[in-house]
Engineer: 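Sharing a structure, written as structure tokens. Questions coming.
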2 protein chains.
Amino acid sequence: MTEAAQRSTPTGRAKLADVAALAGVSVGTASKALSGSGRMRPETRQRVLDAVETLGFRPNQHAQSLHAGRSWTVGLMTTDGIGRFSTPVLLGAEDALGAGKISVLLCDTRGDTIREQHHLRNLMDRRVDGIIVTGRRTDPRPPLNGVEGIPIVYALSPSTDSSDTSVASDDRGGAHLAIEHLLATGRGRIAHVTGPEHHAAARDRARHAVGLLERSEAQLAGGRVHFGEWSEAWGRRAADLVLRTAPDTDAFFCGNDQIARGVADTLRERGRDVPGEIAVVGYDNWDTMALASRPPLTTIDMNLAEIGRIAALRLLEAIDSEPVPGVHTVACRLVVREST
Amino acid sequence: MTEAAQRSTPTGRAKLADVAALAGVSVGTASKALSGSGRMRPETRQRVLDAVETLGFRPNQHAQSLHAGRSWTVGLMTTDGIGRFSTPVLLGAEDALGAGKISVLLCDTRGDTIREQHHLRNLMDRRVDGIIVTGRRTDPRPPLNGVEGIPIVYALSPSTDSSDTSVASDDRGGAHLAIEHLLATGRGRIAHVTGPEHHAAARDRARHAVGLLERSEAQLAGGRVHFGEWSEAWGRRAADLVLRTAPDTDAFFCGNDQIARGVADTLRERGRDVPGEIAVVGYDNWDTMALASRPPLTTIDMNLAEIGRIAALRLLEAIDSEPVPGVHTVACRLVVREST
DNA sequence: ACTCGTTGAGCAACCGTTTTCCTCGCCGAA
DNA sequence: TTCGGCGAGGAAAACGGTTGCTCAACGAGT
């Protein structure tokens, strides 16, 4: 028995024919026994299952894929490197997909269109079931072109085409959380230091934060938003600037944790007490920044892994039923630490 | 012609039979024309190529894989998350493999053995050509078990089994670069502040650094290695400690950039001039730390992407010829900035 | 003129599963 | 006893390429 099966499988792996032979049935019957379809005597099914067990049979995915015309694989395209932002998204997606026995094919385009096209061809050749596209920036990006019949979900960077499916972070909600938190803790003169104005993330959060302040008792310290870079150095410079132009500022809402840390460092060096005198709120909840800062930063967490998970779920929907077009936003979370 | 081809491909994708029909040859001949094997009249081959062009034919990978018994895919298992260390390795590997039309299947085990086994089964079912295993720590890890007939290369965390193929960072070389650089710039009393002693990376670098100092004119400031955590907070505490116990210290060699930054911060706060009075060298060349530090840190770069690339190349060797067992080390690189 | 070697191209088997018919035997009912 | 129906299981055709083998035709050599 065993040696017969052994003999017939020179590759070392048992095939369905070996299982069928051992169970004394035909290949077709063995297949039905495994898939649960087709009617058969329970003991026959059991014989097949026993044979599967004995031989350690595992179906050949290539054969299944060839037959089904799909691969139980999705492509994950990251448009510029795999950075701090795309990694959690990617893991969230991998997690959600892995549960459904779907695997993830990794493609990094490094922001290069040639590379992107190359990977796209590759993914289509492999008949992937779907594609998730993710970027580092939250700015909308042009849709992938040349893809037909394969569902696509954009994560983090939504597609400019609103008939595509996108999952993005709720930037306005994030700004809302931060400002409301500062107001609720009694701050009234709030400065906003953030990244470059040509980044959608900086613009949207700023606009919403300013809007909220206008509708409240509080005011925007310095009278304007301080756009700059996403760096600690800018945070340090901006903090000095604000302290000079609006000395009575009692809170900083920063566009990311690096800026916030720069701000906190400067306040510390100038002898201003955080949070006693001035509160600081960051954005991103990037551990290495937020926790290492003195004091540790209250910050906004974008729930990036959740974005990845949702993107994966949307993709699964699109794969086996209908895509839900539009931009789905994922709420942020306020993480309170000692800086407020 | 065209509408005939169209008609015969309800899926929208042309198959080889369509190409053959359009070129007026048999399927077998068309296949040979594409693969370059088989002898035929040049004009026949050209007719086939023209048909391919016209129809936009792309071969079905599943069919090819089924026939060949391989998938032109490798599994990339990361053992704990995809962090700061595994990401560059992963990208390096993806880059090297992508060139050879091999794709990367991403598997994240989150350090969980159940998950690891699950992914392993999956990879074997998909008949991957090989597997790259990478971790966050440089400590050796137990080999993957239950894998047969599939080449494996361990990257960053070598396998404990020396008959496996591993690619790791040259920790000793890294320590060497740092110490030699400090000695060359005239430092004579060097403190070493690093991570937990139970981490191989901390131990190995420390041992080698101490060895070098013993063979030189210089001495280890404080008389011992300061093991602790990989954090800024520890760097700050350790710097204070060293300044107290060995006030004449003129250099710090730190186990990573976070520690180095903590050290630099404390020195700054204590009014000690870096690098005038005291030099600081970090490890990892982690941009966000090394560049944001005041002053920017001289540090050791492990060339992680190169490790990924080499691992991929070793894997390719193992796939289509013979594996080269043992641990291959990748040299580090000294990045000089303003802290020395 | 006849045979042999060469070359271009087709035929068909195969890779491993799934799925759609079919067949066959057995049962109960007339 | 015979017929209809039904349930279990088998045969074979896909899925889309690859490749070894066969075969016809043609030119060259005797």
Side-chain angles (χ1 to χ4, degrees), chain A residues 5 8-49 51-52 55-73 101 124-127 129 149, chain B residues 5 8-49 51-52 55-72 101 124-127 129:
Chain A
S8 63
T9 59
T11 71
R13 287 199 239 264
K15 61 175 90 167
L16 194 52
D18 302 322
V19 171
L22 183 55
V25 297
S26 75
V27 183
T29 304
S31 172
K32 289 170 197 159
L34 288 185
S35 69
S37 70
R39 319 178 57 76
M40 60 204 310
R41 240 177 300 152
E43 65 232 49
T44 307
R45 181 184 308 275
Q46 194 53 52
R47 277 214 316 283
V48 173
L49 294 179
V52 164
L55 299 178
F57 167 79
R58 313 231 71 206
N60 182 324
Q61 282 247 16
H62 295 312
Q64 298 186 308
S65 290
L66 174 57
H67 183 82
R70 57 175 291 195
S71 55
W72 291 276
T73 300
K101 61 190 281 79
M124 297 189 62
D125 290 351
R126 290 176 185 270
R127 304 293 193 269
D129 300 347
Chain B
S8 61
T9 58
T11 70
R13 286 198 241 265
K15 60 174 88 166
L16 194 52
D18 302 322
V19 171
L22 183 54
V25 299
S26 75
V27 181
T29 304
S31 173
K32 287 167 192 158
L34 288 185
S35 68
S37 71
R39 321 172 59 75
M40 60 205 310
R41 237 177 302 151
E43 65 231 49
T44 306
R45 181 183 306 275
Q46 194 53 51
R47 276 213 316 284
V48 173
L49 294 180
V52 165
L55 299 177
F57 167 80
R58 312 230 73 204
N60 182 323
Q61 282 247 14
H62 296 312
Q64 298 185 309
S65 290
L66 174 57
H67 182 82
R70 58 175 290 196
S71 57
W72 290 278
K101 62 191 278 79
M124 296 188 62
D125 290 352
R126 289 177 186 269
R127 305 292 194 271
D129 299 345

Engineer: Using a cutoff of under 3.5 Å, can you pull out all pairs of nitrogen or oxygen atoms linking the protein to nucleotides 10-12 of chain D, with atom names and distances?
Structural biologist:
{"unit_1": "D:dG10", "atom_1": "OP2", "unit_2": "A:Ser26", "atom_2": "N", "d": "2.8"}
{"unit_1": "D:dG10", "atom_1": "OP2", "unit_2": "A:Ser26", "atom_2": "OG", "d": "3.1"}
{"unit_1": "D:dG10", "atom_1": "OP2", "unit_2": "A:Thr29", "atom_2": "OG1", "d": "2.7"}
{"unit_1": "D:dG10", "atom_1": "O6", "unit_2": "A:Lys32", "atom_2": "NZ", "d": "2.6"}

Engineer: Find the distance B:Arg13:CZ to D:dG16:C1' and express it as a whole number of Å.
Structural biologist: 13 Å

Engineer: Expressed in angstrom and rounded to an integer, what is the separation of A:Leu34 atom CG from C:dT18 atom P?
Structural biologist: 7 Å

Engineer: For A:Asn60 and D:dC15, what is the distance between atoms CG and C1' respectively, to the nearest whole Å?
Structural biologist: 13 Å

Engineer: How many whole angstroms separate atom CG of B:Leu66 from atom P of C:dT17?
Structural biologist: 9 Å

Engineer: Given atom CZ of B:Arg70 and atom P of D:dT18, what is their separation to the nearest angstrom?
Structural biologist: 14 Å

Engineer: Using the rule given for side-chain contact (heavy atoms from CB on, under 4.5 Å), can you reason through A:Leu49 versus A:Arg45, listing the C-alpha separation, both sets of side-chain angles and the distance that settles it, and then say yes or no?
Structural biologist: CA-CA 6 Å; A:Leu49 294 179; A:Arg45 181 184 308 275; 4.2 Å; yes

Engineer: Could you go step by step and tell me if B:Asn60 and A:Arg127 meet the side-chain contact (heavy atoms from CB on, under 4.5 Å) rule?
Structural biologist: CA-CA 8 Å; B:Asn60 182 323; A:Arg127 304 293 193 269; 4.0 Å; yes

Engineer: Taking 4.0 Å as the cut-off, does a side-chain nitrogen or oxygen of B:Gln64 come that near to OP1 or OP2 on D:dG16?
Structural biologist: no

Engineer: Over all heavy atoms of both residues, which pair between A:Ala23 and A:Arg47 is shortest? Give the atoms and the distance, please.
Structural biologist: O-NE, 2.8 Å

Engineer: Mind checking the CZ-CZ spacing from B:Phe57 to B:Arg13? Nearest 0.5 Å is all I need.
Structural biologist: 11.5 Å

Engineer: Just the rounded figure in Å: distance from C1' of C:dC15 to CG of A:Asp18.
Structural biologist: 14 Å

Engineer: Return the CZ to OG distance between B:Arg126 and A:Ser71, rounded to the nearest 0.5 Å.
Structural biologist: 7.0 Å

Engineer: Looking at DNA chain C, which of residues 37-48 of chain B put a heavy atom within less than 4.0 Å of it?
Structural biologist: B:Arg39, B:Met40, B:Arg41, B:Thr44

Engineer: Round to the nearest Å and state the distance from B:His67 atom NE2 to C:dC15 atom P.
Structural biologist: 9 Å

Engineer: Mind calculating the distance between CG (B:Leu16) and P (D:dT18) to the nearest angstrom?
Structural biologist: 7 Å

Engineer: Run A:Leu22 and A:Val19 through side-chain contact (heavy atoms from CB on, under 4.5 Å) and show every step you take.
Structural biologist: CA-CA 5 Å; A:Leu22 183 55; A:Val19 171; 5.9 Å; no

Engineer: Can you spot which of B:Gln61, B:Lys101, B:Gln64, B:Arg58 makes a side-chain hydrogen bond (donor to acceptor under 3.5 Å, both in side chains) with A:Asp125?
Structural biologist: B:Arg58

Engineer: At their closest point, which heavy atom of B:Thr44 faces which heavy atom of B:Thr29, and how far apart are they?
Structural biologist: CG2-CG2, 4.4 Å

Engineer: For residues 33-40 of chain B, run the donor-acceptor check on the side chains, cut-off 3.5 Å, and write out each pair with its distance to 0.1 Å, sequence neighbours left out.
Structural biologist:
{"unit_1": "B:Ser35", "atom_1": "OG", "unit_2": "B:Ser31", "atom_2": "O", "d": "3.4"}
{"unit_1": "B:Ser35", "atom_1": "OG", "unit_2": "B:Lys32", "atom_2": "O", "d": "3.4"}
{"unit_1": "B:Ser35", "atom_1": "OG", "unit_2": "B:Ser37", "atom_2": "N", "d": "3.3"}
{"unit_1": "B:Ser35", "atom_1": "OG", "unit_2": "B:Ser37", "atom_2": "OG", "d": "2.9"}

